[in-house]
Amino acid sequence: MAALSVATLGISSVAVIPASAQQPIGLAPVPITFHLRDDNGKWFDSGLNLFGDQSLAVAVMPRLGTLGGLTTGGELSSLLNSDLVGAVGNLTGNLLGQLPLLGSLGGELGKALNLDSTLASVKAIGTADRQAAPAAAKAENLLGKFAQQLSSMRADQPFNLNSLPVGVDLQGALNDLAKFAVKGAPVTVNFVVDPKESTGIRNPMGLIAPEGAEGFPYENPAGAFFGQRSIQLTEPGLYAFTDMVTPYMLGAVVVDDPLTIGLDFGKASMVNSRNLVVPTNSDIVNRLVNTFFNITNPNNWQQYKADSENSFNAIQPPVPILQYDAAGNPVLIPNLDAYFDKKFSYPKTLSKGNQLPEVPGVGEVWIDTEVEEWAGKKAVGSATKVDVTNWTVDRKIGAPSINMNNPHNMWTDKDYKYLYQTEWFADKVDVFDRETGEFVRSTQVGHNPAHVMTAPGSDNLIIGINAGNEVVELAPGGTNVLRKITVSPTGEVRHPHAHWTSSDGKTVVTPNVMTNNASVIDMPTGTIRTEKTGQFPIATSMTPDSSTFYTADFLGQTLTCVSLAQDACADNGQMAHSKTIDLWANYSPQDGPKSGAPFGGLTIQLPVTPDGNAMLAANVLSQTVTVIDPRTNKIVKDLPCSAGCHGINFGAKKGGGYYGYVSNKFANVMQIIDVDPNGDGALDDAKIAGQLTLDATPKTKMDGSISGKSGYGGQGVLAIPLVYNGWAQQNQGSWRSQLTCGQLNPIDKSTC
């Protein structure tokens with residue numbers, strides 16, 4: 001699970017640092033160390049478990065010659081209110097649904113707002129330095145008055161500290177004390193990638209940092225690694241990190257100054273998206289923090305019940321947070337859990353998990369349930385088969401015999417004999433018998449293979465090496481490596497992720513997350529050209545005529561259309577070489593999304609329908625699927641998905657048309673989207689046609705037993721029979737007879 005650490009800017013010794021953490025003067029503080037691991041719940045692991053997240057930590061940054069370091073036990077419990085869970089938890093509502101005031105905490109109010117920690121620091125400074133004593137006495141008196149004034153405040157309502165009668169005076173007194181407490185060494189954060197803990201190599205990068213923090217946005221241009229990298233956190237505030245190979249793996253550090261009220265997010269945040277600098281009390285900062293906790297804490301993953309509605313209430317740490325608004329005023333959130341309950345409308349009602357479409361699909365859909373836990377294997381993940389003719393979970397392949405590690409994306413051969421499966425956290429592509437689920441072979445291809453497709457015609461496999469710099473071509477059946485093609489003719493590390501192959505098999509496009517561009521590979525010659533994209537492109541797709549490709553710009557909050565030959569990207573009635581589709585056209589990073597208008601962000605897969613009439617894009621940030629018309633490159637509407645909305649691919653709908661099958665990493669369901677229910681070519685009636693839980697049932701055929709997280713981790717999606725142009729025409733036998741003429745000839749209707 002992704003990590004949240006909390007580091008504290010220590011002011012004195014005894015009052016702030018427990019005796020067990022004190023060390024001789026002259027040594028550096030003990031650092032925060034994240035171990036990047038394969039295990040569920042430990043993707044960024046600092047070794048602790050608080051509020052269900054195994055990566056919370058506290059460190060102390062020294063002042064006045066004292067030493068800090070990693071803090072556990074009572075210090076940590078006090079700062080994060082884990083010692084007050086019962087009392088603080090009651091702030092989220094009572095039996096009447098009314099939110100109690102902060103005063104209902106009584107004598108626990110000071111602890112709940114971390115005023116006890118601030119008071120300890122104030123007293124310590126006054127004791128250590130006679131000149132500071134008057135300011136310390138003043139601050140101590142004002143802290144008492146401050147607590148009294150807070151008692152009438154709501155727990156879910158942020159308030160401007162300067163609006164309280166005592167607020168300005170208190171801030172001034174604390175600022176005066178800070179002059180006597182010289183800031184010491186920065187907080188060190190280590191990222192450790194140990195092959196005993198992580199089969200794949202990793203590459204941490206910075207997502208959020210306080211404005212002015214040195215060395216941010218943090219990136220490692222050398223690429224993914226085994227070993228250790230370290231950074232220094234020089235400013236109080238919120239820091240967040242991800243892995244550039246597997247970007248749902250998150251980590252965060254809050255560097256807290258005890259001479260402020262609450263845990264510090266800083267005055268402004270640098271967000272590694274569009275070069276944003278925003279006040280910390282902004283929608284984008286709080287939205288990202290909410291997303292962070294919902295990903296990193298498995299207790300916050302959405303669990304749908306097959307036959308009934310279900311209440312879902314995400315748990316956030318019940319801690320006080322100090323942010324700043326657009327005018328520079330300090331804003332205190334008394335209780336983050338209560339505030340997020342109000343802002344993001346928790347608890348939510350999850351709909352009935354199984355809502356079956358009236359019209360069946362054709363064939364089967366495979367979804368990589370990547371975080372399912374299986375008995376008898378250390379690694380996680382399985383491939384889940386859904387029979388879309390009757391909407392049942394027909395088979396799961398966990399492959400405990402080979403310890404299949406985080407299966408990420410799949411494809412099949414032209415005869416549908418094999419299922420090709422990448423092991424994203426390892427270095428192999430596995431081959432299974434599609435009908436029986438039996439393991440056939442594994443072929444080693446390179447670090448962290450993400451996606452696999454075949455080339456129409458040759459039926460060769462093409463695999464992108466996510467943590468490397470190349471695509472690998474395998475012989476049919478995955479029997480052996482034919483060649484490796486670099487995606488970087490200039491030599492810099494690019495980390496290609498979700499590639500796409502053209503309908504004639506001659507062109508492969510890779511999105512390169514490290515270099516904000518795409519590599520266009522001419523497969524017959526192996527030559528490369530580079531095209532500019534938005535920030536952190538993570539997935540690609542192509543129009544069925546192979547005239548254009550699209551990238552999902554994960555951190556750019558855009559989609560980019562690029563022409564493969566002549567200008568073919570629609571742009572306000574003209575054709576251009578490239579076109580940017582802005583998913584934030586209706587979003588203000590400060591104030592939030594415009595009500596009722598489409599809004600996306602942190603976009604991943606974005607396939608175009610086989611007939612070229614529609615494109616669907618899965619958005620993690622907004623939990624929506626954006627419906628786009630690629631004929632105009634205009635956004636039509638949004639449709640809802642679930643937590644961790646990730647993978648999409650199209651399969652045949654019985655009688656004509658297509659279903660888009662949507663996977664969700666942090667929910668145990670998939671959605672089924674009908675992009676054009678009446679077949680008139682217009683997309684305004686696109687809808688969620690149904691939904692299905694992905695848990696195993698008593699009738700599900702399996703090669704082992706699930707021990708946890710059943711149905712979770714939805715990533716890659718593969719619909720069989722293949723209906724994309726170039727592959728659809730290869731359908732033979734019974735598969736061919738189940739498809740309409742239009743589905744067999746998606747862009748050439750002359751034969752129909």
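The shown structure was predicted, so the numbers you read here are calculated from the model rather than taken from an experiment. Hydrogens, waters and symmetry mates play no part in the numbers below; they use all other heavy atoms, side chains included.
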Chemist: So with a 6.0 Å cut-off around NZ of K348, is the heavy-atom count from everything else above 12?
Modeler: yes
Chemist: Side chain to side chain contact (heavy atoms under 4.5 Å, CB included), that's the test. Do L350 and V669 meet it? Break it down for me.
Modeler: CA-CA 11 Å; L350 301 181; V669 292; over 6 Å; no
Chemist: Which pair of heavy atoms, one from D156 and one from Y339, lies closest together, and at what distance?
Modeler: O-CD1, 3.5 Å
Chemist: Ignoring hydrogens, what is the shortest heavy-atom contact between D243 and T246? Give both atom names and the distance.
Modeler: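 So the two residues come closest at OD2-OG1, 2.6 Å.
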Chemist: Counting only heavy atoms not in K305, do more than 12 sit closer than 6.0 Å to its NZ atom?
Modeler: no
Chemist: Could you tell me if the side chain of N300 sits less than 4.5 Å from the side chain of I315, heavy atoms only?
Modeler: yes
Chemist: Under 3.5 Å, is there a donor-acceptor pair between the D283 and Y587 side chains?
Modeler: yes
Chemist: Check whether D638 reaches the backbone of F599 with its side chain - one donor and one acceptor, N or O, closer than 3.5 Å.
Modeler: yes
Chemist: Nearest 0.5 Å, please: how far is CG in L288 from CG in L207?
Modeler: 8.0 Å
Chemist: Which word best sums up how the rings of F312 and Y346 line up, parallel for under 30°, tilted for 30 to 60°, or perpendicular for over 60°?
Modeler: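 Ring orientation of F312 relative to Y346: perpendicular.
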Chemist: Does some side-chain heavy atom of E235 sit less than 4.5 Å from a side-chain heavy atom of E214?
Modeler: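 In short, these two side chains do not touch, never coming nearer than 4.5 Å.
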Chemist: Please report the shortest heavy-atom distance between A667 and S642, naming the atom on each side.
Modeler: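 Nearest pair, atom of A667 first, then S642: CB-CB, 3.7 Å.
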Chemist: For S351 and Y304, which I'm curious about, is there any donor-acceptor pair between the side chains at under 3.5 Å?
Modeler: no
Chemist: Please work out whether the ring planes of F44 and F34 are parallel, tilted or perpendicular, with thresholds of 30° and 60°.
Modeler: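 Perpendicular: the ring planes of F44 and F34 meet at over 60°.
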Chemist: State which residue, out of N619, L555, I538, D553, fulfils the side-chain contact (heavy atoms from CB on, under 4.5 Å) condition with L602.
Modeler: L555
Chemist: Of all the heavy-atom pairs spanning S622 and T624, show the shortest one and how long it is.
Modeler: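 Taking every non-hydrogen atom into account, OG-OG1, 2.6 Å.
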Chemist: Assess, by modelled atom type and distance only, whether the side chains of D337 and Q316 contain a donor and an acceptor separated by less than 3.5 Å.
Modeler: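 Judged by distance alone, the side chains do not pair up.
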Chemist: Does K665 make a cation-pi contact with Y248 (under 6.0 Å, within 45 degrees of the axis)?
Modeler: yes
Chemist: Closest approach of G262 and D256, non-hydrogen atoms and distance?
Modeler: O-OD1, 3.1 Å
Chemist: On the 0 to 90° scale, with breaks at 30° and 60°, tag the F241-F191 ring pair as parallel, tilted or perpendicular.
Modeler: perpendicular
Chemist: When you compare the side chain of K709 with that of N40, does any pair of heavy atoms fall below 4.5 Å?
Modeler: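 N40 vs K709: side chains touch.
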Chemist: For K342 and R154, what are the C-alpha separation, side-chain angles and deciding distance, and is it a side chain to side chain contact (heavy atoms under 4.5 Å, CB included)?
Modeler: CA-CA 11 Å; K342 180 179 180 181; R154 289 166 53 107; 4.2 Å; yes
Chemist: Give me the one residue out of L238, L276, I208 that meets side-chain contact (heavy atoms from CB on, under 4.5 Å) with V285.
Modeler: L238
Chemist: If you measure from CD on Q557 to OG on S273, what distance do you get to the nearest 0.5 Å?
Modeler: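 Q557 atom CD to S273 atom OG measures 4.0 Å (nearest 0.5 Å).
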Chemist: Step by step, would you call R229 with N220 a side chain to side chain contact (heavy atoms under 4.5 Å, CB included)?
Modeler: CA-CA 9 Å; R229 300 288 186 275; N220 172 33; 3.9 Å; yes
Chemist: Which label fits F536 and F554: parallel for a plane angle under 30°, tilted from 30 to 60°, or perpendicular past 60°?
Modeler: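 The rings of F536 and F554 sit tilted, inter-plane angle from 30° to 60°.
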Chemist: Does some side-chain heavy atom of L233 sit less than 4.5 Å from a side-chain heavy atom of V189?
Modeler: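 They are in side-chain contact.
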Chemist: Would you give the length of the straight line joining atom CD of Q149 to atom OG of S151, rounded to the nearest 0.5 angstrom?
Modeler: 9.0 Å
Chemist: Within the side chain of W301, is there an N or O that forms a donor-acceptor pair under 3.5 Å with the backbone of I295?
Modeler: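 Yes, the answer is positive, given that a donor and an acceptor are paired below the 3.5 Å cut-off.
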Chemist: Evaluate the criterion side chain to side chain contact (heavy atoms under 4.5 Å, CB included) for residue pair E197 and L36; output intermediate values, then yes/no.
Modeler: CA-CA 7 Å; E197 301 170 334; L36 278 66; over 6 Å; no
Chemist: If we only count heavy atoms from C-beta on, is the I261 to Q171 side-chain gap below 4.5 Å?
Modeler: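 When only atoms from C-beta onward are counted, Q171 and I261 do touch, with a gap below 4.5 Å.
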Chemist: If I compare all heavy atoms of T260 with all of D264, which pair ends up nearest, and what's the gap?
Modeler: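 Nearest heavy atoms, T260 then D264: OG1-OD2, 2.7 Å.
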Chemist: Charged N to carboxylate O below 4.0 Å: is that the case for D38 and R202?
Modeler: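 Yes, D38 and R202 are salt-bridged.
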Chemist: Determine yes or no for a side-chain-to-main-chain donor-acceptor pair under 3.5 angstrom, with N664 supplying the side chain and G714 the backbone.
Modeler: no
Chemist: Are L322 and F265 packed together at the side-chain level, in the sense that at least one heavy-atom pair is separated by less than 4.5 angstrom?
Modeler: no
Chemist: Counting only heavy atoms not in K111 (residues, nucleotides, ligands), do more than 12 fall under 6.0 Å from its NZ?
Modeler: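 No, not enclosed.
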Chemist: Ignoring hydrogens and angles, tell me if any N or O in the side chain of T242 forms a donor-acceptor pair with the backbone of M249 under 3.5 Å.
Modeler: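 Yes.
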Chemist: When you measure from the side chain of S282 to the backbone of V278, do you find a donor-acceptor pair of N or O atoms at a distance under 3.5 Å?
Modeler: no
Chemist: Looking at side-chain heavy atoms only, is the closest gap between P279 and Y324 below 4.5 Å?
Modeler: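 A side-chain contact is absent here, since even the closest heavy-atom pair is not under 4.5 Å.
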Chemist: Is a side-chain donor-acceptor pair under 3.5 Å present for K267 with Q323?
Modeler: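 Q323 vs K267: no donor-acceptor pair found between side chains.
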Chemist: Donor-acceptor check, side chain of W584 to backbone of G601, threshold 3.5 angstrom: yes or no?
Modeler: no
Chemist: Taking side chain as C-beta onward, heavy atoms only, is V122 less than 4.5 Å from L177?
Modeler: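 Yes, at least one pair of side-chain atoms sits under 4.5 Å.
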Chemist: How long is the straight-line distance from CG of L621 back to SG of C645, given to the nearest 0.5 Å?
Modeler: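 Answer rounded to 0.5 Å: 11.5 Å.
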Chemist: State whether the side chain of S345 and the backbone N or O of D341 hold a donor-acceptor pair below 3.5 Å, judged by distance alone.
Modeler: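 Side chain of S345 to backbone of D341, a donor-acceptor pair under 3.5 Å: no, none is there.
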Chemist: Got a second to check how far E219's CD is from N203's CG, nearest 0.5 Å?
Modeler: 8.5 Å
Chemist: Does K196 come within less than 4.0 Å of D194, counting only side-chain N to carboxylate O?
Modeler: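 A salt bridge is absent here (no side-chain N lies under 4.0 Å from a carboxylate O).
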Chemist: Could you tell me whether a side-chain N or O of S163 sits under 3.5 Å from a main-chain N or O of F159, the two making a donor and an acceptor?
Modeler: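 Pair absent, no side-chain N/O of S163 close to backbone of F159.
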Chemist: State the CG-CZ distance between L336 and F293, to the nearest 0.5 angstrom.
Modeler: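 CZ of F293 is found 6.5 Å from CG of L336.
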Chemist: Check the orientation of F344 and F340. Use parallel for under 30°, tilted for 30 to 60°, and perpendicular for over 60°.
Modeler: perpendicular
Chemist: Where do N294 and T291 land on the side-chain hydrogen bond (donor to acceptor under 3.5 Å, both in side chains) test, with the steps shown first?
Modeler: CA-CA 5 Å; N294 287 349; T291 301; over 6 Å; no
Chemist: Are the side chain of D39 and the backbone of K42 linked by a donor-acceptor contact shorter than 3.5 Å?
Modeler: no
Chemist: Under 3.5 Å, is there a donor-acceptor pair between the Q232 and T188 side chains?
Modeler: yes
Chemist: Between N586 and P598 (side chain of the first, backbone of the second, donor and acceptor by atom type, cut-off under 3.5 Å), is there such a pair?
Modeler: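 Pair found, side chain donor or acceptor close to backbone of P598.
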